[in-house]
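Here's the structure, in structure tokens; my notes come after.
Everything numeric in this text was worked out from a predicted model, so none of it was measured. The first residue of the sequence shown is numbered 1, and numbering continues consecutively from there.
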Amino acid sequence: MKRKKRSAGQTCALLGMLLALALLCNYVETLIPISFGIPGIKLGLANLVVLLALYRLGAGEALMISAARIFLAGFLFGNLASILYSLAGGLLSFLVMFFLKKILNMGLLPVSVAGGIFHNLGQLLVAALVVENLNLLYYMSILFFAGTVTGGLIGLVAGELLKRLPNNEWRKT
């Protein structure tokens, strides 16, 4: 049975809802009183929505959700510096996830883990440039581990959600 093509209004509404969900995840993450004892380490809950969009809608839609969430969260809950760090991490993470998924045809879990690692790398590179000290890059070993763990957790949750969410509501037809 052939599915009806989603209208522009339906697509806009879906992307708006996903953006709102990503923004909500971003905000909820700031409320979680988990301290890993290491500054800058977060779960990356908003990346869950980006992964779902990447695997169900496509790269363009996922990138729009990610970039819009970064700017909105920065303006609402942060500042220009937080936008700069998040944008560097988010864009590098997205590019690596897209490459691994599209070009190398890797599965969701390794794509998510790589996303977590490269998000941390992007932010660390910006921090090293801002403070003009490349010694910050020694911190990458800790962030590599953190990105692996958090990316793995987000990947596992995303995999379970993709199994349970109706496919026909997401797909471009």
Side-chain angles (χ1 to χ4, degrees), residues 1-32 42-123 126 147 150-173:
M1 186 165 142
K2 191 172 180 180
R3 287 181 240 137
K4 285 197 251 179
K5 186 172 179 156
R6 191 172 39 239
S7 71
Q10 290 170 322
T11 300
C12 186
L14 177 61
L15 292 177
M17 288 189 299
L18 291 173
L19 173 58
L21 182 59
L23 196 56
L24 180 64
C25 287
N26 191 96
Y27 177 68
V28 166
E29 190 170 46
T30 65
L31 300 176
I32 298 174
K42 298 189 316 183
L43 290 172
L45 294 176
N47 196 46
L48 182 60
V49 179
V50 175
L51 272 172
L52 294 174
L54 180 63
Y55 274 81
R56 284 285 174 90
L57 298 175
E61 291 85 351
L63 183 58
M64 283 190 296
I65 291 167
S66 181
R69 192 257 327 153
I70 289 167
F71 282 108
L72 284 172
F75 288 127
L76 291 171
F77 316 122
N79 53 37
L80 190 57
S82 67
I83 294 172
L84 179 66
Y85 287 111
S86 293
L87 201 54
L91 288 179
L92 183 59
S93 170
F94 182 83
L95 289 173
V96 168
M97 290 190 305
F98 173 75
F99 176 78
L100 293 176
K101 178 190 178 289
K102 187 76 170 179
I103 309 300
L104 299 181
N105 202 26
M106 291 182 122
L108 179 65
L109 190 60
V111 166
S112 181
V113 168
I117 292 168
F118 279 88
H119 191 280
N120 289 341
L121 177 61
Q123 289 187 329
V126 168
T150 59
L153 290 172
I154 295 298
L156 289 172
V157 172
E160 289 303 313
L161 285 172
L162 286 173
K163 287 179 196 173
R164 289 167 170 74
L165 289 172
N167 205 15
N168 59 342
E169 297 298 321
W170 289 70
R171 291 265 184 220
K172 290 189 276 188
T173 54

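Under the side chain to side chain contact (heavy atoms under 4.5 Å, CB included) criterion, Ala73 pairs with Leu23, Asn26, Phe77, sequence neighbours left out. Considering only residues two or more places apart in sequence or on other chains, Leu91 meets the side chain to side chain contact (heavy atoms under 4.5 Å, CB included) condition with Leu63, Leu87. Every residue two or more places apart in sequence or in another chain that forms a side chain to side chain contact (heavy atoms under 4.5 Å, CB included) with Ser82 is listed here: Asn79. Under the rule for a side chain to side chain contact (heavy atoms under 4.5 Å, CB included), the partners of Val113 that lie at least two apart in sequence or sit in another chain are Ile117, Thr148. For the side chain to side chain donor-acceptor pair (under 3.5 Å) test, no residue two or more places apart in sequence or in another chain qualifies with Glu29. With sequence neighbours left out, Thr30 forms a side chain to side chain donor-acceptor pair (under 3.5 Å) with no residue at all.
Taking the side chain as every heavy atom from C-beta outward, Ile83 and Phe75 approach each other to under 4.5 Å. Between Gln123 and Ser86 there is a side-chain heavy-atom pair separated by less than 4.5 Å.
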Solution key, residues 43-52 side-chain donor-acceptor pairs under 3.5 Å, sequence neighbours excluded:
none

Result block: side-chain N/O donor-acceptor pairs under 3.5 angstrom for residues 95-108, not counting sequence neighbours:
none

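Summarising the geometry of Ser93 relative to Gly115, their closest heavy-atom pair is OG-O, 3.0 Å, with the distance given to 0.1 Å. The minimum heavy-atom distance between His119 and Gly90, with the atom names listed, is CD2-N, 3.4 Å. In this structure, Val126 and Ala88 approach most closely via the heavy-atom pair CG2-CB, 3.2 Å.
At distances below 3.5 Å, at least one donor-acceptor pair connects side-chain atoms of Thr11 with backbone N or O atoms of Ser7.
Here the CD1 atom belonging to Ile70 is positioned 15.0 Å from the OH atom belonging to Tyr85, to the nearest 0.5 angstrom. Here the CG atom belonging to Leu15 is positioned 6.0 Å from the CD atom belonging to Glu61, to the nearest 0.5 angstrom. Taken from CG in Leu165 to CZ in Arg56, the straight-line distance is 6.0 Å, to the nearest 0.5 Å.
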Please evaluate residues Leu21 and Ile65 with respect to the criterion side-chain contact (heavy atoms from CB on, under 4.5 Å), reporting the C-alpha separation (whole Å), side-chain torsions for both, the decisive distance (0.1 Å), and the verdict.
CA-CA 10 Å; Leu21 182 59; Ile65 291 167; over 6 Å; no

Give the intermediate values and the outcome of side-chain contact (heavy atoms from CB on, under 4.5 Å) for residues Tyr55 and Val111.
CA-CA 11 Å; Tyr55 274 81; Val111 166; 3.4 Å; yes

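Phe118 CZ: 12 or fewer foreign heavy atoms inside a 6.0 Å radius.
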